[in-house]
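Atoms within each ligand, like the ligands themselves, are counted from 1 in listed order. Numbers here simply count residues along the sequence, with the first being 1.
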Amino acid sequence: MVISFSCSASRKLTGILALLFMMTRVYGQSTSGFISIDCGNRRTNKDSTTGIQYHSDHRFVDGGLSHKISTEFMDDAANEQQKTLRSFPQGSRNCYTLLSATGKKFLVRAMFTYGNYDGLNSTMSGSVFRFGLHIGVNVWEAVNLTNWDPSSTIWKEVLTVAPGNNLLVCLINFGTGTPFMSSLELRPLQDVMYPFVNSSVSISYFRRIRFGQATEFITRYPLDPYDRFWEGWSFSYNTYPWMTLNTSSPVRRLPGDNTFQVPEGILQQASTLDTNYSFFEINVAVGPNLDPTNLQLLPIFHFAEVVDNNPNRSFNIYSGDEMLFPDFSPSRSQVDSMHQNGRFLHNPAASFLLNKTNNSVLPPLINAFELYSLVRMDNLTTDSKDVKYMKEVKKHYSVARINWNGDPCSPREYSWEGLTCDYSKSNPNPRIVAVNLSTSGLKGGLTILFMNMVSLETLDLSHNNLTGGIPEYEMKSMKVFDLSYNQLDGPIPHSILQRYQAGLLDLRLEGNPICSKFKDTYCSNKKKSTTPIMLIAVIVPVVLVSLLVVMGTLWKLYWKGKSGDDKEYAMYEEEETPLHIDIRRFTYAELKFITNDFQSIIGEGGFGIVYHGTLENGDEVAVKVLKETSISESTDFLPEVQTLSKVHHKNLVTLQGYCQNKKCLALVYDFMPRGNLKQLLKGGDDYSLTWEQRLHIALDAAQGLEYLHKACTPSIVHRDVKTPNILLDKNMVGVISDFGLSRAFNDAHTHISTVAAGTLGYLDPEYHATFQLTVKTDVYSFGIVLLEIITGQSPVVMDPQAVHLPNWVRQKIANGSIHDVADKKLLDLYDATSLQSVVDLAMNCLENAAINRPTMTEVASRLKVWLPAVSGTPRHTDSMDTEIPRQFRLMISRARNEGISFQSGYTNGISQTSLFSGR
Ligand SMILES: *[C@@H]1O[C@H](CO)[C@@H](O)[C@H](O)[C@H]1NC(C)=O
Ligand SMILES: *[C@@H]1O[C@H](CO)[C@@H](O)[C@H](O)[C@H]1NC(C)=O
Ligand SMILES: *[C@@H]1O[C@H](CO)[C@@H](O)[C@H](O)[C@H]1NC(C)=O
Ligand SMILES: *[C@@H]1O[C@H](CO)[C@@H](O)[C@H](O)[C@H]1NC(C)=O
Ligand SMILES: *[C@@H]1O[C@H](CO)[C@@H](O)[C@H](O)[C@H]1NC(C)=O
Ligand SMILES: *[C@@H]1O[C@H](CO)[C@@H](O)[C@H](O)[C@H]1NC(C)=O
Ligand SMILES: *[C@@H]1O[C@H](CO)[C@@H](O)[C@H](O)[C@H]1NC(C)=O
């Protein structure tokens, strides 16, 4: 494997080789399809022995530094290519990209001559000098140059099938010396060759030997049109009892046998033993750095009888102790290539024995031998279209991220920073689902390249310097589109607005000039949530009323026999129709006053914006103003207000008043200063809810729902129970808000609704299937809330592909213990029994069949068991404000960072060939 090109034998041979080449060269084997790269050289050079042109590597690689080997080793260099190299001090993975063709077979060879280019004596410094090689997205080999003569040249070769139109060769920095490469060659093979090499199996060169009397140290192109390297055996072992044989008559292949295409010039030569000897062993010592237990070897023996007059020769072929081929007789002037149908062998010593049979007169003979090790190609490349568009994006914005190199998603530990990939088995190849290029110094227009990536769901381009307009995109999968804090101007295309208004797209545009013209919610900052001071409005989406409206409408139809939409709308056009409810009715001017001219936005959603306000008596309120566009659709508004005004419970948000006229449709609620449960669970660097706080909030929410289900007549089904709708007052008491989708029923058990509603991840599967809406729909959603409280995860966990939280919890518990599901932020500070019970309770709420789920009353009483001291005492602890948890957590994350480990491939190290022979 490792050949010192600087040894005297090889240097003398260069001249001979050159001569030989000149002679054979005349017949001109085609080099078409060869890619030959001289790393670190700016010029093209023609190799003096093969006549192959080697090109500068600048078109094939990004980054790296070019170097020359030290002058003292220049004269010893085997060829021009070894005199220069490219080193990669930056980045953990750097890749050369070679053009190939999908499904085609190639030989790829990389060569490494250190030559003390950096003056650091790195190979001889006494410390480890070792880096890795990947072929595409799979581990190929490691290059171990520890304790090597700096003038040595090492080469690595792999036979592989291109997974796409590019073939990547990557250098991996293990942290033990700067990776570098001197030359890189790609040679196309025919599809029929090496048939065991396929898209999931590659083979790495271990040894390739030609026997007989070779005139050159390495035989390659043009004698071998595929430019395989064949080491001459006679340069190592040409002493007695070895004998060389040769023939000048042709050695043929059976018609149609194109599997290996060993050059005839090689097959015309063979090695055998003096007839006094009966066996020889080829022992390719694996060296200290190979892990023999995992080594899988594939030997190929090439035989052709070169003695003319009917020789009597037969032998057995062993791999280690295993007989591979008994009683084999080579055919005369015809090649037999022996392998076991591509079977890989376990042969830790890598020793092969050829043993004369009892009947044989002559000892064994051999012409050529190849030995490969298995390289599994299990990791798949990213979807080729995603790769193409990501590369164009990288180029378009000149993204200079050091690890944006090689395949974007694969292998996982080298995936590009800022990308989220979906590795689920539902895709044949990994797909890019999220791109985060926030604060990346992007300039210029917004490219539509992203929109070609059909799996992309989240695109964050915030805090850049993007200018111009937003192009008309056809968005297929996009769910979050964050363009905040750029220089974007111009109209928002219809296609995007539509998706936004349909609630399918979370669009963020605040901090752009465009927002001086548009005042919609996408222009207001809603990403304040990280500060604990952030106050969340208790807003009940006005939309909620829809069901009540349906009921109201039905009611009217019943009484009036008919009722047109016009009449419904007319209701809103009359400025002064008072509602017969005893809550305060605000005028627009009053709202303007209490919100200080709508200055402080505390929340927003598809329905409208929520502002902070202060009443005359100093009470803080949240004012939810329905979007103008939504007003015309909100025929449900009044009945909803009526219902809400009657709902009074400490765990349900209180409606203080409303505003209703042509100009304004708004609801005024108590202000909830501690935000919502989702934010609190997400936490910050400096606080996290304790287990006890979590249980209290769960119980609060359960009691709020119990009240809606049981105490109200008709029962009210909230329909949108989720952590963002559970708000916390200043004492950390949980309060349910957002009755936007809620429905009241005289019969609390069933109702047929044609509108699917709720939030993804919280939807009751039974309701989804049957549209049978019952109070148990809320129980299901509450089960998800409980799991979020326990795990701190979202209803859909990216791990790494999307998993519904209940399944994630089941998997974790099945593969480990209950502790694996507990939120890490709890720092193991919880009572395991109560954790187990709450998990059980959550799972119970999540039963597929509604009938098997508990009622909210049962849920509340089961939760109470774990909180015997439920009382009116304030639960707000200082943990959110203290310094201690912060330090603790920082310490932990630092420890985690240290845990980075590097994968390593194996190294062949020194291969030595030794021989034993005996009588
Ligand atoms: C490298 O080795 C040479 C010869 O052994 C020595 O003269 C030189 O000082 C070494 N350089 C460094 C940087 O260690
Ligand atoms: C495939 O990727 C995994 C994880 O990224 C890695 O551990 C493994 O070594 C890779 N397999 C191969 C054959 O490269
Ligand atoms: C590749 O070859 C191996 C055996 O050499 C076989 O098990 C595997 O199924 C093949 N894979 C493909 C994709 O053809
Ligand atoms: C081929 O073998 C003959 C003897 O059989 C020998 O004289 C000749 O030198 C050999 N040629 C080579 C190239 O080894
Ligand atoms: C690298 O090679 C050195 C010298 O041959 C050897 O001692 C060492 O074990 C090898 N390291 C690995 C990881 O293979
Ligand atoms: C070689 O073959 C003979 C008989 O064919 C057998 O008895 C002997 O054990 C073999 N030697 C080895 C080293 O396998
Ligand atoms: C953004 O672009 C504008 C106009 O090209 C330029 O004046 C400004 O300095 C840029 N800002 C940043 C942060 O690059």
Handout entry: CA sep, side-chain torsions, deciding dist, call: F180, F88, ring-ring contact (aromatic ring centres under 6.0 Å, His included)
Key = CA-CA 6 Å; F180 71 89; F88 298 93; 9.5 Å; no

[X] vs [Y] aromatic rings, parallel, tilted or perpendicular, using cut-offs 30° and 60°?
| X | Y | answer |
| --- | --- | --- |
| F328 | F303 | tilted |
| Y414 | H134 | perpendicular |
| F369 | F301 | tilted |

Practice task
Could you please provide the protein residues found below 4.0 Å of ligand 1 on a heavy-atom basis, arranged by chain and number?
Solution key: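 Residues near ligand 1: G119, N121.
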
Practice task
Check each atom of ligand 3 against the heavy atoms of S200 and keep those under 4.0 Å away; list them by number with element.
Solution key: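 Here the atoms of ligand 3 in question are 1 (C), 10 (C), 11 (N), 12 (C), 13 (C).
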
Problem - Numbered atoms and elements of ligand 3 in range of S199, under 4.0 angstrom, heavy atoms - result: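 Those qualifying, in numeric order: 13 (C).
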
Practice task
Determine which pairs satisfy salt bridge (Lys or Arg N to Asp or Glu O under 4.0 Å) with at least one residue from residues 338-351, sequence neighbours left out, and list them in order.
Solution key: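 Residue pairs with at least one partner in residues 338-351: E322-R343.
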
Problem - Ligand-residue contact atoms, ligand 5 with N144, heavy atoms, under 4.0 Å - result: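 This gives 1 (C), 2 (O), 3 (C), 8 (C), 10 (C), 11 (N), 12 (C), 14 (O) as the contact atoms.
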
Handout entry: ring-ring contact (aromatic ring centres under 6.0 Å, His included) involving F112 - partner list, sequence neighbours excluded
Key =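 If we apply the ring-ring contact (aromatic ring centres under 6.0 Å, His included) test to F112, skipping adjacent residues, the hits are F131.
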
Problem - Set of ring-ring contact (aromatic ring centres under 6.0 Å, His included) partners for F129, sequence neighbours left out - result: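 If we apply the ring-ring contact (aromatic ring centres under 6.0 Å, His included) test to F129, skipping adjacent residues, the hits are Y114.
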
